[in-house]
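First the structure, in the form of structure tokens, and then the observations on it.
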2 protein chains.
Amino acid sequence: MTNYSESLDSLFQALADPTRRTVIERLSLGPASVSELAEPFDMALPSFLQHLKVLEQCGLVTSQKVGRVRTYQLVPEALNLMRHWLQNQQTVWTRRLDQLDSYLLELAKQEKQNE
Amino acid sequence: MTNYSESLDSLFQALADPTRRTVIERLSLGPASVSELAEPFDMALPSFLQHLKVLEQCGLVTSQKVGRVRTYQLVPEALNLMRHWLQNQQTVWTRRLDQLDSYLLELAKQEKQNE
DNA sequence: ACAATACTTAGGCATTGACCTAAGTATTGA
DNA sequence: TCAATACTTAGGTCAATGCCTAAGTATTGT
């Protein structure tokens with residue numbers, strides 16, 4: 001398996017582009033071929049293909065080719081790494097802020113006693 | 001307020017860099033000055049400052065300068081947009097996969113009846 | 001067989017991103 | 001006051017990204 005940090009790099013990078021996020025959203029509805037995916041975008045096909053390549057390389061989607069048609073689909077577990085990092089961050093922040101809160105509360109209480 | 005999609009762009013983009021993610025992790029522990037944040041990195045200060053600028057521009061952190069020291073801190077709510085997008089995606093995927101599951105289950109049941 | 005379809009590869013060009021050094025500016029401690 | 005400290009600005013290089021056109025290759029319908 002690749003480095004944890006590098007995986008996060010490429011996942012965040014992949015989703016930093018609106019075209020690629022839209023592709024992901026479209027694939028939520030089910031698998032689709034290259035041309036189906038490309039259709040809504042006003043972009044040359046080779047340019048669009050690069051986006052699909054980015055999504056596939058970071059593991060968010062997979063594809064197989066049958067005949068002359070390549071079909072893409074989501075890899076549902078692929079978001080987990082990012083979700084966990086975000087979840088983790090927010091947990092830590094919140095805990096720290098809670099501690100700060102109770103500290104300030106405690107401080108206020110003591111000040112009151114000293115009145 | 002800025003566009004929803006553009007905000008996601010800049011948030012994902014900001015977190016696509018390991019240096020910037022490490023800064024965020026460090027700031028989870030509490031506010032810190034530029035030089036405190038820069039210290040672990042083997043990087044010229046101006047280069048590092050650019051990272052801080054990116055984090056501030058996308059709203060993940062804020063800073064104030066007192067005397068000659070600039071102090072950075074997290075903006076706890078800043079991750080929400082991303083978390084919601086991810087949450088949403090995963091919800092949709094999962095629901096679709098569940099439906100597929102029950103469809104396949106149903107199919108199998110009917111095949112069994114036709115035996 | 002051969003034209004149409006569905007990608008694929010190759011190569012080019014402009015912008016952005018991540019780094020650097022060098023030279024500022026603004027505070028602060030001695 | 002003047003040197004040290006803590007950034008800040010300016011500008012320059014190099015690689016990666018996002019787009020393009022032109023020219024492939026492999027399948028499939030007629």
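Below, chains carry the letters A, B, ... as their sequence lines are ordered, and counting in each starts from 1. Computed from a prediction, not measured in an experiment: that's the story for all the values here.
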Expressed as a whole number of angstroms, how long is the span from [X]:[atom1] to [N]:[atom2]?
{"X": "A/Asp17", "N": "C/dT16", "atom1": "CG", "atom2": "P", "answer": "14 Å"}
{"X": "B/Arg70", "N": "D/dT8", "atom1": "CZ", "atom2": "C1'", "answer": "9 Å"}
{"X": "B/Met43", "N": "C/dG17", "atom1": "CE", "atom2": "P", "answer": "16 Å"}
{"X": "B/Asp9", "N": "C/dG17", "atom1": "CG", "atom2": "C1'", "answer": "15 Å"}
{"X": "B/Gln64", "N": "D/dC7", "atom1": "CD", "atom2": "P", "answer": "13 Å"}
{"X": "A/Phe41", "N": "C/dC7", "atom1": "CZ", "atom2": "C1'", "answer": "17 Å"}

Taking side-chain contact (heavy atoms from CB on, under 4.5 Å) as the definition, give me every residue that meets it alongside [X], ordered by chain and number, with sequence neighbours left out.
{"X": "B/Pro46", "value": "B/Ala44"}
{"X": "A/Arg83", "value": "A/Leu79, B/Leu86, B/Gln87, B/Gln90"}
{"X": "A/Gln57", "value": "A/Lys53"}
{"X": "A/Ser35", "value": "A/Ser33"}

>> Quick check for you: to the nearest 0.5 Å, what is the distance between A/Leu11 atom CG and A/Leu15 atom CG?
In response: 7.0 Å
> Got a second to check how far B/Thr91's OG1 is from B/His84's NE2, nearest 0.5 Å?
Replying inline: 10.5 Å
> Looking at DNA chain C, which of residues 30-39 of chain B put a heavy atom within less than 4.0 Å of it?
Replying inline: none
>> Please check: side-chain N/O of B/Ser7 versus main-chain N/O of B/Asn3, any donor-acceptor pairing under 3.5 Å?
In response: yes
> Quick one, which residues of residues 48-59 of chain A touch DNA chain D with a heavy atom under 4.0 Å?
Replying inline: A/Gln50, A/His51
>> Can you pull out every salt bridge (charged side-chain N to carboxylate O under 4.0 Å, His left out) where at least one residue sits in residues 61-81 of chain B? Sequence neighbours excluded, please.
In response: none
>> Under the salt bridge (charged side-chain N to carboxylate O under 4.0 Å, His left out) definition, can you give me all pairs with a residue in residues 11-36 of chain B, not counting sequence neighbours?
In response: A/Asp9-B/Arg21
>> Walk me through whether B/Val23 and B/Val61 qualify under side chain to side chain contact (heavy atoms under 4.5 Å, CB included).
In response: CA-CA 10 Å; B/Val23 169; B/Val61 306; 5.7 Å; no
>> Which residues pass the ring-ring contact (aromatic ring centres under 6.0 Å, His included) test with A/Tyr72, not counting sequence neighbours?
In response: none
> the helix from C/dA1-D/dT30 to C/dA30-D/dT1: angle between its terminal axes, five pairs each, to 10°?
Replying inline: 10°
> Quick one: side chain to side chain donor-acceptor pair (under 3.5 Å) partners of B/Gln73, sequence neighbours excluded?
Replying inline: B/Gln64
Distances under 3.5 Å between protein N/O atoms and the N/O atoms of nucleotides 21-30 of chain C, please, pair by pair.
| residue | atom | partner | partner atom | Å |
| --- | --- | --- | --- | --- |
| C/dT27 | O2 | B/Arg68 | NH1 | 2.9 |

> Considering all heavy atoms of both residues, which atom of A/Val75 and which atom of A/Gly59 are nearest to each other, and what is their separation?
Replying inline: CB-O, 3.4 Å
